[in-house]
Number of protein chains: 2
Amino acid sequence: MATGRNHRPATRSRGIPEATVARLPLYLRALTALSERSVPTVSSEELAAAAGVNSAKLRKDFSYLGSYGTRGVGYDVEYLVYQISRELGLTQDWPVVIVGIGNLGAALANYGGFASRGFRVAALIDADPSMTGKQVAGMGVSHVDDLEEIIQVNGVSIGVITTPGGAAQQVCDRLVAAGVTSILNFAPTVLTVPEGVDVRKVDLSIELQILAFHEQRKAADELAGNGARVPTAARRRAARADEGPEGDIPAVMPA
Amino acid sequence: MATGRNHRPATRSRGIPEATVARLPLYLRALTALSERSVPTVSSEELAAAAGVNSAKLRKDFSYLGSYGTRGVGYDVEYLVYQISRELGLTQDWPVVIVGIGNLGAALANYGGFASRGFRVAALIDADPSMTGKQVAGMGVSHVDDLEEIIQVNGVSIGVITTPGGAAQQVCDRLVAAGVTSILNFAPTVLTVPEGVDVRKVDLSIELQILAFHEQRKAADELAGNGARVPTAARRRAARADEGPEGDIPAVMPA
DNA sequence: CAATCTTTGTGCACGCGTTCACAAAGGCAT
DNA sequence: ATGCCTTTGTGAACGCGTGCACAAAGATTG
């Protein structure tokens, strides 16, 4: 390698698949752990195992960032940590606001992993006047009336919504109007946002329902005689669930 | 969709695509809202709008469940609520345990949406002896020593892990050994589980990093002169970020 | 310097998921 | 009953993501 950096950006920053972007934080976490153990280099096979993915996938993912590996050796851990951090935008500081300081909002405010990597809680905001000024995670709670000013003064572009579902869209609209262009939504609501604003949602109840679906399927399989796969609590449930997924009558029939 | 292991022959779940399963809870939520407003029928177009998806996708999703619509009219709301609930396994009760009663675990225990739909918190478990017996969300905290017994007595097949990252795999192993076959993981760790166990992960820091990536890209676009799309805080950030994504020197160079 | 060994980077094929577009089906008015 | 109008259900095309398998590249050894 003659020069360490002679790649043209034309093909690069535009072409990273979304699926790859979603895995970069995973790689970064594994690499950080290696870095803390002062491991100098790592092969795609090892790193893939640590991140829980296929090694070919990992190599292809890295290939979108550039050719940062050395054949016959592997990847330089420190260098890769830096490259991925830079690609993810973690070399700069991202102030975020959390709106809705209930149980969940307070828990997130206290969450250490928040500040660890480029993210900084700029403000906690709540609509309840009795919350205003209270200390949560060593920080005063602001009233939602000041939302716009807080966003603008701090240059916040990422907002976290932990309000009840009913208030989420309203809060979202205000955040967006004030200049926020990325939203992490914990409220059980489908948010509507203008073009150019990114929303990611975290929904406990959806996750549980997906698990329940698979759990039910497993239980049905057990009942069907495909027993002895894993000694499970599901088997107990299966025995208890008399109505199979196909065996009962709808409570309500269509007209 | 996240198992810790490479091989994933699963996903042939009785013919319903995984992507569809993941959307069913969304439809169910929208339908429940309609049901509460006593709306008798709904078209795929309306429901799709409420759920934030494409109407053709919604119709195809429903087609995997059967032909529950009426051409020229739409879908019977109550009937569909029942069918989806049944498909997701929500007509039965799912006891869950939450392991790790810190800020997040306590917040989840208090979360109303938990019990709302088929899920019931059977126990709160923590490793800290000083937590044992304390009341959280109107429920006593159990010690982790009793984990296996709690799982078995209550027939728990779904576990929620809200421990620190370091303890997650250990807790996971014990849950699985005791019979749990579905795990919702909030700890920032890649869990390794045996075949037949489902893991879904919720990772705040990963979500934020993905948002940061897109945010950085937007800021770069703004700098490049594609201004005037949305009046954003990102523009302020873009102006402030002197080093563009291509313009600085790595802190660490490879050997 | 040449041979060997390790590991990357990627061409290729395959399968899943999404979307379009439309025929079939049912309701409704006349 | 007949024709019109609405909406479903789905065939087909397309694009994305994944994983295999291998050639190229560099390190290493004698």
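These figures come from a predicted structure and were not determined experimentally. FYI, side chains are in, hydrogens and waters are out, and symmetry mates aren't considered; it's all heavy atoms of this structure.
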When all nucleic acid strands are considered with a 4.0 Å heavy-atom cut-off, which category describes Phe62(A): base, sugar-phosphate, or nothing? nothing
What is the nucleic acid contact for Ser67(B), judged by heavy atoms within less than 4.0 Å: base, sugar-phosphate only, or nothing? sugar-phosphate
In Å and rounded to the nearest 0.5 Å, what is the [atom1] to [atom2] distance from [X] to [Y]?
{"X": "Leu88(A)", "Y": "Leu24(A)", "atom1": "CG", "atom2": "CG", "answer": "5.0 Å"}
{"X": "Gln83(A)", "Y": "Leu28(A)", "atom1": "CD", "atom2": "CG", "answer": "12.0 Å"}
{"X": "Leu47(B)", "Y": "Tyr75(B)", "atom1": "CG", "atom2": "OH", "answer": "8.5 Å"}
{"X": "Gln209(A)", "Y": "Glu207(A)", "atom1": "CD", "atom2": "CD", "answer": "10.0 Å"}
{"X": "Gln170(A)", "Y": "Thr163(A)", "atom1": "CD", "atom2": "OG1", "answer": "9.5 Å"}

Whole angstrom value for the distance that separates [atom2] of [N] from [atom1] of [X]:
{"X": "Tyr75(B)", "N": "dT7(D)", "atom1": "OH", "atom2": "C1'", "value": "9 Å"}
{"X": "Arg59(B)", "N": "dT18(C)", "atom1": "CZ", "atom2": "P", "value": "15 Å"}
{"X": "Leu58(A)", "N": "dT8(C)", "atom1": "CG", "atom2": "P", "value": "9 Å"}
{"X": "Asp61(A)", "N": "dC16(D)", "atom1": "CG", "atom2": "P", "value": "16 Å"}
{"X": "Lys57(A)", "N": "dC14(C)", "atom1": "NZ", "atom2": "P", "value": "19 Å"}
{"X": "Ile16(B)", "N": "dC16(C)", "atom1": "CD1", "atom2": "P", "value": "15 Å"}
{"X": "Tyr64(A)", "N": "dC16(D)", "atom1": "OH", "atom2": "P", "value": "10 Å"}

For the residue pair Thr20(B) / Asp61(B), report whether a side-chain donor-acceptor contact shorter than 3.5 Å exists. yes
OP1 or OP2 of [N] sitting under 4.0 Å from any side-chain N/O of [X]?
{"X": "Asn54(A)", "N": "dG17(D)", "answer": "no"}
{"X": "Arg23(B)", "N": "dT18(C)", "answer": "yes"}
{"X": "Tyr68(B)", "N": "dT7(D)", "answer": "no"}
{"X": "Lys60(A)", "N": "dT10(C)", "answer": "no"}

Can you list every pair that meets ring pair (Phe, Tyr, Trp, His ring centres under 6.0 Å) and has a residue in residues 27-46 of chain B, with sequence neighbours left out? Tyr27(B)-Phe62(B)
Determine, for nucleotides 23-30 of chain C in 5'-to-3' order, which nucleotides have protein heavy atoms under 4.0 Å from the base (write B), from only the sugar-phosphate (write S), or from neither (write -). -BBSS---
Determine whether a donor-acceptor pair (N or O, by modelled atom type, separation under 3.5 Å) exists between the side chain of Thr189(A) and the backbone of Gly165(A). yes
Scan residues 37-48 of chain B against DNA chain D and write down, sorted by residue number, each residue with any heavy atom closer than 4.0 Å; if none is found, say none. Ser43(B), Ser44(B)
Quick one, Arg29(A) with Asp203(B), criterion salt bridge (charged side-chain N to carboxylate O under 4.0 Å, His left out). Give me CA distance, side-chain angles, the key distance, then yes/no. CA-CA 12 Å; Arg29(A) 183 175 289 158; Asp203(B) 196 312; 2.8 Å; yes
